[in-house]
Amino acid sequence: MPSVFLVSDTHFGHAGVCRFTRADGVTKLRPWTDPDEMDEAMVKAWNERVRPTDKVYHLGDVVINRKALPILDRLNGDKVLIRGNHDIFKDEDYSKYFRSLRGYHVMNGMILSHIPIHSESLGRFGVNIHGHLHANRVMRDVALCGRLDVIDTRYHCVCVEQTPDFAPILFEDVLKRITDEGGVVGFQNGNGSNPRC
């Protein structure tokens with residue numbers, strides 16, 4: 001039976017992402033200095049993990065420049081793109097490589113998006129699985145919880161900087177991470193707008 005994987009912010013072809021650093025301003029987000037080297041390593045890691053029949057939801061920012069688009073043809077899986085802020089090319093440029101293009105996707109009572117959705121929009125969704133933040137996480141609202149150093153368990157980031165080997169992560173592993181952090185998987189009663197403090 002095919003597996004389901006999630007991934008975000010691969011930024012194939014992006015030289016700048018090789019220079020991004022963590023909050024300390026020193027530690028690099030990615031171990032590569034050359035985007036071609038990064039792309040090859042990430043394609044290899046992707047294909048070692050994902051079989052051709054597996055489904056992959058890519059939560060946006062797949063490539064940064066048009067010349068990197070053909071890399072997508074080398075990636076295993078039945079791929080769905082949830083467009084991100086850097087996915088700026090025409091639909092037909094992406095539809096060669098993705099079965100479907102979407103703005104968001106609802107799965108198992110959770111909403112998948114590129115940019116984390118506003119907490120007031122969570123509504124019945126237990127968790128927003130998203131990308132966009134690279135190495136960062138959505139933190140609890142200090143006004144409601146009194147602290148800003150605790151992860152808001154209503155959000156889970158699947159950017160490659162937060163997955164093993166900068167590759168897609170199994171959906172089941174994401175669910176385990178969410179519950180291990182104290183998050184609740186599946187549709188929720190109520191409006192879902194108050195963080196669990």
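Keep in mind that the numbers below use all heavy atoms, side chains included, and drop hydrogens, waters and symmetry copies.
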Problem - Atom OH of Tyr104 with >12 non-hydrogen neighbours under 6.0 angstrom - result: no
Handout entry: Ionic contact status for Lys90 with Asp93, cut-off 4.0 Å
Key = no
Problem - Nearest-0.5 Å distance, CD1 of residue Ile64 to NE2 of residue His86 - result: 5.0 Å
Problem - Least distance between heavy atoms, Gly13 atom then Pro35 atom - result: C-CB, 4.2 Å
Exercise for the section: Please state whether the rings of His14 and Phe20 are parallel, tilted or perpendicular, taking 30° and 60° as the class boundaries. Expected result: perpendicular
Handout entry: Shortest non-hydrogen contact from Ile82 toward Gly103
Key = CG2-O, 3.4 Å
Practice task
Under the salt bridge (Lys or Arg N to Asp or Glu O under 4.0 Å) rule, what do Arg74 and Glu40 come out as? Steps first, then yes or no, please.
Solution key: CA-CA 10 Å; Arg74 298 173 48 205; Glu40 289 307 311; 2.8 Å; yes
Handout entry: Side chains of Tyr57 and Pro168 in contact at under 4.5 Å (non-hydrogen atoms)
Key = no
Handout entry: For Lys67 against Pro70, the heavy-atom pair lying closest together
Key = O-CD, 3.3 Å
Handout entry: Salt-bridge contact Glu37-Arg30 (side-chain N to carboxylate O under 4.0 Å)
Key = no
Practice task
Answer yes if Ile111 and Val185 sit in the same cluster of Ile, Leu, Val, Met, Phe, Trp and Tyr residues linked by side chain heavy atoms under 4.5 Å apart, and no otherwise.
Solution key: no
Practice task
Among Leu112, Val80, Leu81, find the one that has a side-chain contact (heavy atoms from CB on, under 4.5 Å) with Arg102.
Solution key: Val80
Handout entry: Within-4.5 Å side-chain heavy-atom neighbours: Thr21 and Leu29
Key = no
Exercise for the section: Taking the side chain as every heavy atom from C-beta outward, state whether Leu122 and Arg154 have any atom pair closer than 4.5 Å. Expected result: yes
Exercise for the section: Please check if Ile178 and Leu170 belong to a single hydrophobic cluster, counting links between Ile, Leu, Val, Met, Phe, Trp and Tyr side chain heavy atoms closer than 4.5 Å. Expected result: no
Completion exercise
All heavy atoms of Gly60 vs all of Ser8, minimum pair found to be O-OG, 3.6 Å
Handout entry: Under 3.5 Å side-chain donor-acceptor pair for Asp61 and His114
Key = yes
Exercise for the section: Mind running side-chain contact (heavy atoms from CB on, under 4.5 Å) on Phe171 and Phe5 for me, showing each step along the way? Expected result: CA-CA 5 Å; Phe171 182 62; Phe5 289 87; over 6 Å; no
Handout entry: Side-chain heavy-atom pair Gln188, Val184 within 4.5 angstrom cut-off
Key = yes
Problem - Side chains of Tyr155 and His130 in contact at under 4.5 Å (non-hydrogen atoms) - result: yes
Fill in the blank from the handout: In Trp46, Phe12, Trp32, the residue satisfying ring-ring contact (aromatic ring centres under 6.0 Å, His included) with Phe166 is Trp32
Exercise for the section: List the atom of Asn76, the atom of Val56, and the distance in Å for their closest heavy-atom pair. Expected result: O-CG2, 4.3 Å
Fill in the blank from the handout: Note: Pro116 and Gly131 closest approach over all heavy atoms is CD-O, 4.0 Å
Handout entry: ILVMFWY cluster, Leu6 and Met110 together (side-chain gap under 4.5 Å)
Key = yes
Problem - Rounded distance (nearest 0.5 Å) linking atom CD of Gln162 with atom CZ of Arg137 - result: 6.0 Å
Practice task
Would you check if the side chain of Asp54 reaches a backbone N or O of Gly77 as a donor-acceptor pair within less than 3.5 Å?
Solution key: no
Practice task
Give me the one residue out of Ile129, Asn128, Leu59 that meets side-chain contact (heavy atoms from CB on, under 4.5 Å) with Ser113.
Solution key: Asn128
Handout entry: Close side-chain approach of Val160 to Met38, heavy-atom, < 4.5 Å
Key = no
Handout entry: Exam field: side chain Tyr94 to backbone Ile88, donor-acceptor pair closer than 3.5 Å
Key = yes
Practice task
Determine, using the 4.5 Å side-chain heavy-atom cutoff (strictly less than), whether Val17 and Phe89 are members of one ILVMFWY cluster.
Solution key: yes
Handout entry: Ser3 and Lys55, any side-chain heavy atoms less than 4.5 Å apart
Key = no
Practice task
Give a yes or no answer on whether the side chain of Ser95 reaches the backbone of Asp91 with a donor-acceptor pair at less than 3.5 Å.
Solution key: yes
Handout entry: Lys/Arg-Asp/Glu bridge criterion (N-O < 4.0 Å) met for Asp24, Arg22
Key = no
Problem - Carboxylate-amine/guanidinium contact Glu181 Lys176, below 4.0 Å - result: no
Problem - Backbone N/O of Asp36 and side chain of Asp34: donor-acceptor pair under 3.5 Å - result: yes
Problem - Heavy-atom side-chain contact between Leu75 and His58 under 4.5 Å - result: no
Completion exercise
In this structure, CG of Asn136 is separated from SG of Cys157 (nearest 0.5 Å) by 8.0 Å
Practice task
Would you please say whether a donor-acceptor pair under 3.5 Å links the side chains of Asp9 and His132?
Solution key: no
Practice task
Go through the steps for His134 and His11 under the test ring-ring contact (aromatic ring centres under 6.0 Å, His included), then give the verdict.
Solution key: CA-CA 11 Å; His134 292 273; His11 282 242; 4.9 Å; yes
Practice task
May I ask whether Val62 and Ile115 are part of the same hydrophobic cluster, defined by side-chain heavy atoms of I, L, V, M, F, W, Y residues being less than 4.5 angstrom apart, directly or through others?
Solution key: no
Completion exercise
With sequence neighbours left out, the residues meeting side-chain contact (heavy atoms from CB on, under 4.5 Å) with Pro164 are Arg49, Ile169, Arg177
